[in-house]
Every structure is written in C-alpha cells, then in structure tokens.
Amino acid sequence: MSELSTLLDELEAELREQGFWSDVPPSPEALASAQPFAVDTLTLPEWLQWIYLQRLRALIEADLPLPTGAQVRPYAEEALKFEKRSTQQLLVIIDRIDGCLGKP
C-alpha cells in the first residue's frame with residue numbers, strides 16, 4: 001500500500017501543479033452524486049480531489065480492502081481532452097494508480 005500512498009501524493013502534487021486544486025469544496029449536493037465519477041456535478045479534477053483521493057486515503061488509513069480493477073484512465077482521457085494545459089503527467093499517474101488497484 002505504500003506504493004499507492006506515494007502515487008496518491010503524486011496525484012495531489014500534479015493537480016496542484018496544474019492549477020486544478022481548490023481550497024473550496026464543492027457543495028454537499030455535488031459531492032452526493034450517485035453517478036459514476038460524479039459526472040453530473042463535478043469536473044474530473046474536483047472528483048479526483050474531493051472524492052477519489054479522500055476515499056482511497058481513508059481506506060489505506062483504516063487498513064481496509066482497496067477496490068480492484070479500477071479504470072479511471074479512460075474517463076480521465078475523455079474528460080481532459082479539451083484542456084489547454086498539458087495533462088499527460090496527470091494521465092500517467094492515474095494510469096499507475098489504476099495499475100496498483102488492478103492487483104488482486
């Protein structure tokens with residue numbers, strides 16, 4: 001799990017570096033979305049920051065089983081394809097997290 005923790009730290013750092021990080025959380029209603037990736041209420045960076053990172057870190061901290069078979073990269077590619085800034089490193093980190101969570 002230390003590899004995953006390191007990757008989550010890298011993801012946070014890259015979100016900050018790219019200017020995607022926010023100090024203002026989305027509304028409770030936005031965070032309560034039942035849609036995959038909260039596509040109806042959050043942008044990908046918001047979902048990564050406020051849901052994905054927090055839930056994975058909480059599972060690690062509580063020493064609970066992690067989800068397996070994650071496939072965030074395909075959604076991330078689609079969600080970021082019109083970004084004017086370079087998102088390649090962000091996609092690489094997401095892909096590496098997918099790989100970590102793909103291990104049974």
Side-chain angles (χ1 to χ4, degrees):
M1 277 200 231
S2 65
E3 178 185 1
L4 181 57
S5 292
T6 299
L7 288 169
L8 296 177
D9 290 345
E10 287 179 26
L11 178 58
E12 178 178 337
E14 187 62 21
L15 287 168
R16 288 179 184 276
E17 176 74 22
Q18 292 293 328
F20 286 123
W21 197 261
S22 174
D23 293 329
V24 180
S27 71
E29 295 81 19
L31 293 171
S33 169
Q35 295 293 314
F37 307 106
V39 297
D40 58 335
T41 59
L42 300 176
T43 65
L44 173 73
E46 288 172 329
W47 178 80
L48 289 170
Q49 177 181 352
W50 298 104
I51 296 177
Y52 192 65
L53 281 170
Q54 292 192 24
R55 287 185 183 168
L56 288 177
R57 286 177 170 156
L59 290 172
I60 291 169
E61 190 174 303
D63 200 26
L64 293 171
L66 296 168
T68 57
Q71 292 295 311
V72 176
R73 169 80 188 243
Y75 171 63
E77 286 177 338
E78 186 66 24
L80 297 172
K81 72 181 177 184
F82 296 111
E83 275 298 321
K84 296 194 183 341
R85 62 192 114 184
S86 172
T87 57
Q88 187 56 39
Q89 185 57 30
L90 189 59
L91 293 172
V92 167
I93 296 166
I94 290 169
D95 191 53
R96 291 174 56 210
I97 293 170
D98 280 356
C100 245
L101 294 176
K103 299 173 186 171

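Heads up: numbering here begins at 1 and tracks the sequence.
- With rounding to the nearest 0.5 Å, the separation of CD1 in Ile93 from CD1 in Ile97 is 7.0 Å.
- Heavy atoms only, all atoms of each residue included: Ala38 and Ser33 are closest at CA-OG, 3.5 Å.
- Asp23 is listed as a side-chain neighbour of Trp21, based on a closest heavy-atom distance under 4.5 Å.
- A heavy-atom distance below 4.5 Å is found between the side chains of Leu42 and Leu31.
- Inter-residue side-chain proximity for Leu44 and Val39 is flagged as unmet; no heavy-atom pair is nearer than 4.5 Å.
- Residues Ala30 and Thr41 approach most closely at O-OG1, 2.7 Å, considering heavy atoms.
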Walk me through it: do Arg85 and Phe20 pass the test side chain to side chain contact (heavy atoms under 4.5 Å, CB included)? CA-CA 11 Å; Arg85 62 192 114 184; Phe20 286 123; 3.5 Å; yes
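- Minimum heavy-atom separation, Ser22 to Trp50: O-CZ2, 3.3 Å.
- Taking the side chain as every heavy atom from C-beta outward, Asp95 and Val72 never approach each other to under 4.5 Å.
- A single hydrophobic cluster is not seen to contain both Val92 and Leu7; linkage of ILVMFWY side chains at heavy-atom distances under 4.5 Å, directly or through other members, places them apart.
- At a threshold of 4.5 Å between non-hydrogen side-chain atoms, the residues Leu101 and Thr68 do not count as touching.
- Classification of the Trp47-Phe37 ring pair by plane angle, with boundaries at 30° and 60°, yields perpendicular.
- Using a 4.5 Å heavy-atom cutoff, the side chains of Asp9 and Arg57 are in contact.
- Heavy-atom minimum distance, Pro74 versus Asp98: CD-OD2, 4.4 Å.
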Decide yes or no on side chain to side chain contact (heavy atoms under 4.5 Å, CB included) for Leu53 and Leu8, but give the supporting numbers first. CA-CA 7 Å; Leu53 281 170; Leu8 296 177; 3.7 Å; yes
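- A donor-acceptor distance shorter than 3.5 angstrom exists from the side chain of Glu46 to the backbone of Thr43, with no hydrogens or angles considered.
- Counting heavy atoms from C-beta outward, Leu56 and Ser5 have side chains that stay 4.5 Å or more apart.
- In this structure, CD in Glu14 is found 9.5 Å from CD1 in Ile94, a value given to the nearest 0.5 Å.
- Using a 4.0 Å cut-off between a side-chain N of Lys or Arg and a carboxylate O of Asp or Glu, Glu77 and Arg73 qualify as a salt bridge.
- In this structure, Leu80 and Leu91 have side chains that are in contact, with non-hydrogen atoms separated by less than 4.5 Å.
- Remark: Arg16 engages Glu12 in a salt bridge, criterion side-chain N to carboxylate O under 4.0 Å.
- A salt bridge links Arg96 with Glu10: the distance from a Lys NZ or Arg NE/NH1/NH2 to an Asp or Glu carboxylate oxygen falls below 4.0 Å.
- Other residues, nucleotides and ligands contribute over 12 non-hydrogen atoms within 6.0 Å of the CD atom of Gln89.
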